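Quick notes on the structure that follows.
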Amino acid sequence: MHPALTAALAAGFRLHNILTWYKRTATANRWYMKNAEFILFLGKGPAFKINNCSSMACIEMYWPDETRHPTEKPWPLIERYIRNSSEAGATVFDPFMGAGSTGVAAARAGREFIGVEIDKAWFDVASARIAKADREFSVFGGGGRQGELLADQMTTQLDMEGVR
């Protein structure tokens, strides 16, 4: 967490809070078993209030992985943070998209999404998951094809840059 916080502060962000996801499951290692992950809640520009000021900084949530990505996060947890920290139509950016859980959460919350993933196989998994979430969101009165269109735009951009 220290390198990420140091880089964020150097880029002009300020730390609002450190949020905790209590996973219930633990990752074995040589020291204390890790049963929590931390989220840096950062901001730039004018301070703002979250939408539900009674929200707790520590959330307990078990969620089975939907893919085989080694660091997959539960999209319901991310959706909770997105809904609480932004308004409908806002843009969510994930520079390390992985299996696309943040994009799934953004689509389900009615937010635009921009994601970056260097591994083509995981990019394809993420694109499919985001498009599916966006279709489901549309069926239940959501905002349409934003996930599918963004996945197409990201694919085109990566093709133009020779990444794919």
Side-chain angles (χ1 to χ4, degrees), residues 1-119 121-134 136-137 140 142 146-147 150:
M1 187 167 56
H2 185 265
L5 180 56
T6 300
L9 295 174
F13 287 90
R14 67 183 175 285
L15 178 65
H16 286 291
N17 205 343
I18 297 174
L19 308 175
T20 306
W21 166 37
Y22 173 57
K23 303 188 291 187
R24 289 193 215 160
T25 59
T27 305
N29 62 50
R30 297 180 297 182
W31 302 289
Y32 295 101
M33 292 178 64
K34 297 174 181 156
N35 62 341
E37 292 194 26
F38 302 99
I39 300 102
L40 298 174
F41 183 47
L42 304 164
K44 217 176 196 185
F48 66 93
K49 291 188 328 184
I50 59 175
N51 295 324
N52 180 354
C53 293
S54 67
S55 297
M56 302 293 179
C58 181
I59 296 174
E60 179 180 357
M61 179 179 290
Y62 171 76
W63 190 261
D65 288 343
E66 296 179 2
T67 73
R68 294 185 182 271
H69 194 279
T71 60
E72 182 180 339
K73 305 296 183 270
W75 61 260
L77 174 72
I78 299 168
E79 183 179 4
R80 174 185 251 175
Y81 289 137
I82 288 172
R83 286 184 184 279
N84 203 23
S85 302
S86 66
E87 299 299 325
T91 300
V92 175
F93 175 66
D94 184 353
F96 310 102
M97 190 166 55
S101 296
T102 301
V104 169
R108 292 179 55 84
R111 289 3 179 222
E112 298 294 325
F113 178 72
I114 299 170
V116 177
E117 175 55 49
I118 196 167
D119 184 313
W122 286 117
F123 176 86
D124 292 343
V125 168
S127 296
R129 290 180 74 213
I130 294 164
K132 178 178 183 279
D134 190 62
E136 290 170 357
F137 181 73
F140 295 108
Q146 64 197 27
L150 284 171

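Note that the structure is a prediction, hence the values are computed from the model and not measured. What you see below is based on every heavy atom in this structure, not just the backbone, and it leaves out hydrogens, waters and symmetry mates.
Atom CZ of Phe123 and atom CD1 of Ile130 lie 8.0 Å apart (nearest 0.5 Å). The distance from the NZ atom of Lys23 to the OH atom of Tyr62 is 11.5 Å, given to the nearest 0.5 Å. Rounding to the nearest 0.5 angstrom, the gap separating the CH2 atom in Trp122 from the OG1 atom in Thr67 is 4.0 Å.
Closest of all the heavy-atom pairs between Ala126 and Gly98 is CB-O, 3.6 Å. For the pair Ala106 and Glu112, the tightest heavy-atom approach, listed with the atom from each and the gap, is CB-O, 4.1 Å. Taking both residues in full, the closest heavy atoms of Glu72 and Ser101 are given as CG-OG, 3.7 Å, listed atom of the first, atom of the second, then distance.
At least one side-chain heavy atom of Leu77 sits under 4.5 Å from a side-chain heavy atom of Ile59.
Ring geometry, Phe41 versus His16: the interplanar angle falls from 30° to 60°, so the pair is classed tilted.
Between the side chain of Asp119 and the backbone N or O of Ala121 there is at least one donor-acceptor pair closer than 3.5 Å. In this structure a side-chain-to-backbone donor-acceptor pair under 3.5 Å is missing from Asp134 to Phe137.
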TODO: Apply side-chain contact (heavy atoms from CB on, under 4.5 Å) to the pair Phe38 and Leu19, showing each step before the final yes or no.
DONE: CA-CA 6 Å; Phe38 302 99; Leu19 308 175; over 6 Å; no

Task: Trace of the side-chain contact (heavy atoms from CB on, under 4.5 Å) decision for Leu15 with Leu40 - done: CA-CA 7 Å; Leu15 178 65; Leu40 298 174; 4.2 Å; yes

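Between the side chains of Trp21 and Glu60, no donor N or O sits under 3.5 Å from an acceptor N or O.
The environment of NZ in Lys49 is sparse: at most 12 heavy-atom neighbours from other residues, nucleotides or ligands sit within 6.0 Å.
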Show me the donor-acceptor pairs within less than 3.5 Å that the side chains of residues 81-97 make with the rest of the protein, sequence neighbours left out.
{"residue": "Arg83", "atom": "NE", "partner": "Glu79", "partner atom": "OE2", "Å": "2.9"}
{"residue": "Arg83", "atom": "NH2", "partner": "Glu79", "partner atom": "OE2", "Å": "2.9"}
{"residue": "Arg83", "atom": "NH2", "partner": "Arg108", "partner atom": "O", "Å": "2.7"}
{"residue": "Asn84", "atom": "OD1", "partner": "Asn51", "partner atom": "N", "Å": "3.2"}
{"residue": "Asn84", "atom": "OD1", "partner": "Asn52", "partner atom": "N", "Å": "2.6"}
{"residue": "Asn84", "atom": "ND2", "partner": "Ser55", "partner atom": "OG", "Å": "2.9"}
{"residue": "Ser85", "atom": "OG", "partner": "Tyr81", "partner atom": "O", "Å": "2.9"}
{"residue": "Ser86", "atom": "OG", "partner": "Ile82", "partner atom": "O", "Å": "2.7"}
{"residue": "Ser86", "atom": "OG", "partner": "Arg111", "partner atom": "NE", "Å": "3.0"}
{"residue": "Asp94", "atom": "OD1", "partner": "Phe96", "partner atom": "N", "Å": "3.0"}
{"residue": "Asp94", "atom": "OD2", "partner": "Thr102", "partner atom": "OG1", "Å": "3.2"}

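With Met1 as the fixed residue, the side chain to side chain contact (heavy atoms under 4.5 Å, CB included) test singles out one of Thr6, Ile39, Ile18: Ile18. Exactly one of Lys73, Lys132, Arg129 qualifies for a salt bridge (charged side-chain N to carboxylate O under 4.0 Å, His left out) with Glu66. That residue is Arg129.
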